[in-house]
Amino acid sequence: MHDILPEDQPLWQYLGDVCSEISNFYGFGRIETPILEYAELFVKGTGIGSEIVQKQMYTLKTQGGDFFTLRPEGTPPVVRAYIEHGMSNLPSPVRLYYMGPMFRHERPQAGRFRQFYQFGLEIIGEEDPVLDAQVIQLFSAIFKTVRLSEIIIHVNSIGCAQCHPRYKKVLKDYYRNRVRQVCADCRQRYKLNPLRMLDCKDEKCQRAKAHVPAILDYLCEGCHNHFKAVLEYLEVIGFPYFVDQYLVRGLDYYTKTVFEIFAGNVQPSEATSQRIALVSGGRYDGLVKLLGGRDTPAVGAAMGMERVINLLREKNIAPPKHAPEPRVFLIQLGNLAKKHSLKLLEQFRVAGIGLQESLGRDSIKSQLRLADKAGAEYALILGQKEVLDDTIIVREMEGGIQETIPFETIIPYIKKQLAKQKKKKK
Ligand code: HAM
């Protein structure tokens, strides 16, 4: 778990703003769900067979005997809220986005945190492949806006409940003579859900799957056509893609399309072994029904915000500057001046002029030094005498020229001076 310090905030704010603006443009409404949910929601939703539920959940027992989990992901909570608030009565599809902390008890390593932030999108209510493409397009737009290029998407289809039994049988046949060559977890998976064996990071398992038949050859006609359409839309969007037949994703609810977005030219073997996807997601046509709603198709994805922030840092991408640095510094001397300073600061805020101060300091020397360090163009000096005379001293920092002016004219005076300075600089 990590702190996000003041110096980190501009990048976080920037990324968050870009995500919100683009989501709003595309008609997504923001949703915030509680950080704690009944453990059952994830056991059922994310899936009892998933690594998240088996190994990574922070679950606590309350005094009343309930089990709550710090949410490890956003999709089941959003679906719960969709059902609970009757959103199926809204015009379909319902488009929702969220941003906030998620919690997973992971082994610490690069790009993996135990508390991390996700920005996620969910489109609930339709199964048209154009919506799979729209989710992907939004992330493409976000990456373009924050100037991250060389982004690639790995995409696959894992079919539906109709395709699964056939393919599972094919996998069982394939692994029957190889089951000794795979890791202990995969031996379990062989019995419970052989599809997961394709996703294993273990080197032995990577070798064992070298000649595995592709799931794409075993899709039913509906899933085949759906996937073909998704790829056609990706061509239209112009998003570089790679069909990764081993991509199955580790959460139980996925059906049909699954995808992961990476920075740079990540090879399929790296994709599964290193797992540093910036975004992952897919379609989950069965989850709403599983959690007690009507049979409702849906698609979505989530971005690991730390991973994108780290990439922005690596590439020296800074947020565009909006607010100018404060150019005026307030120096106060004595108790009376301190009281006036509180009022003055608020007047500057209302007037939209940045004003820095150091209210905790008393000596003029140290305050002038701070003003200099802050790069202020003007220092306002307010002492006992000025307060009694209803005046204030304005000091031009560069030349050291000082002028005493009536207190109530300070805002228009400073505005004029700053405008003059701006013209001079041009
Ligand atoms: P996920 O693949 O578990 O999917 O996580 C989505 C993204 O969150 C990952 O691609 C990664 O960028 C980031 N992430 C995951 N775990 C960590 C971690 N420990 N530290 C830092 N970043 C991490 C989901 O959570 C699904 N709910 C996505 C989804 C939405 N599918 C449909 N709708």
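Order of listing sets the numbers, starting from 1, for every ligand and every atom in it. Keep in mind that what you see is a predicted model, and the values were worked out from it rather than measured.
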Inset, instruction - Could you give me the CA-CA distance, side-chain angles and deciding distance for Glu127 and Lys256, then say whether salt bridge (Lys or Arg N to Asp or Glu O under 4.0 Å) is met? - result: CA-CA 10 Å; Glu127 64 176 331; Lys256 300 195 181 88; 3.4 Å; yes
Inset, instruction - For atom 27 (N) of ligand 1, grab the closest protein heavy atom and report residue, atom and distance to one decimal in Å. - result: Glu73 OE1, 2.5 Å
Inset, instruction - Please confirm whether Gly111 comes under 4.0 Å of ligand 1, counting heavy atoms of the residue only. - result: yes
Legend entry - Met303, any N or O under 3.5 Å of ligand 1 N or O: no
Legend entry - Min side-chain heavy-atom separation Pro76-Val79 under 4.5 Å: no
Legend entry - Nearest heavy atoms of Gln332 and Ser358, plus distance in Å: NE2-O, 3.3 Å
Inset, instruction - May I ask you to decide if the ring planes of Tyr175 and Tyr190 are parallel, tilted or perpendicular, using 30° and 60° as cut-offs? - result: perpendicular
Legend entry - Test item, Arg249 contacting ligand 1 (heavy atom, 4.0 angstrom): yes
Inset, instruction - For atom NZ of Lys172, decide whether the heavy atoms of other residues, nucleotides or ligands shown that lie under 6.0 angstrom number more than 12. - result: yes
Legend entry - Carboxylate-amine/guanidinium proximity below 4.0 Å for Asp173 and Arg176: yes
Inset, instruction - Compute the shortest N/O to N/O distance between Phe113 and ligand 1 and return yes if it is under 3.5 Å, no if not. - result: yes
Legend entry - Nearest neighbour in protein (non-hydrogen) for atom 33 (N) of ligand 1: Glu122 OE1, 2.8 Å
Legend entry - Polar atom proximity, Gln118 to ligand 1 (N or O, under 3.5 Å): yes
Legend entry - Distance-only N or O hit between ligand 1 and Gly304, under 3.5 Å: yes
Inset, instruction - Output yes when the distance from some N or O of ligand 1 to some N or O of Tyr284 is under 3.5 Å, and no in every other case. - result: no
Legend entry - Glu306 heavy atom under 4.0 Å from ligand 1: no
Legend entry - Proximity winner for atom 24 (C) of ligand 1, if only heavy atoms of Leu251, Asn310, Ile52 are counted: Leu251
Inset, instruction - Search all heavy atoms of Ala133 against all heavy atoms of Tyr233 and return the closest pair with its distance. - result: CB-CB, 3.4 Å
Legend entry - Electrostatic pair Asp185-Lys55, nearest N-O below 4.0 angstrom: yes
Legend entry - Ionic contact status for Arg196 with Asp252, cut-off 4.0 Å: yes
Inset, instruction - Would you check if Phe329 and Ile331 make a side-chain contact, meaning some heavy-atom pair closer than 4.5 Å? - result: yes
Inset, instruction - For atom 30 (C) of ligand 1, find the nearest protein heavy atom and state the residue, atom name and distance (0.1 Å precision). - result: Thr75 OG1, 3.0 Å
Inset, instruction - State whether the shortest distance between N or O atoms of Gly281 and N or O atoms of ligand 1 falls below 3.5 angstrom. - result: no
Inset, instruction - Could you tell me whether Arg114 approaches ligand 1 through its side chain, its backbone, both or neither, with non-hydrogen atoms closer than 4.0 Å? - result: neither
Legend entry - Check: Glu106 N/O within less than 3.5 Å of ligand 1 N/O: yes
Inset, instruction - Look at ligand 1 and say whether Val299 reaches it with a heavy atom at a distance under 4.0 Å. - result: no
Legend entry - Ion pair Glu84/Arg80, N-O distance below 4.0 Å: yes
Inset, instruction - Please write down residue, atom name and distance for the protein heavy atom closest to atom 7 (C) of ligand 1. - result: Ala302 O, 3.5 Å
Inset, instruction - Can you label the angle between the Phe242 ring and the His154 ring as parallel, tilted or perpendicular, going by 30° and 60°? - result: tilted
Inset, instruction - Would you kindly specify which portion of Ser280 sits under 4.0 Å from ligand 1, judged on non-hydrogen atoms: side chain, backbone, both or neither? - result: both
Inset, instruction - With atom 29 (C) of ligand 1 as the reference point, say which of Tyr254, Tyr117, Phe116 has the nearest heavy atom. - result: Tyr254
Legend entry - Distance filter under 4.0 Å to Ala277 heavy atoms, resulting ligand 1 atoms: 10 (O), 11 (C), 12 (O)
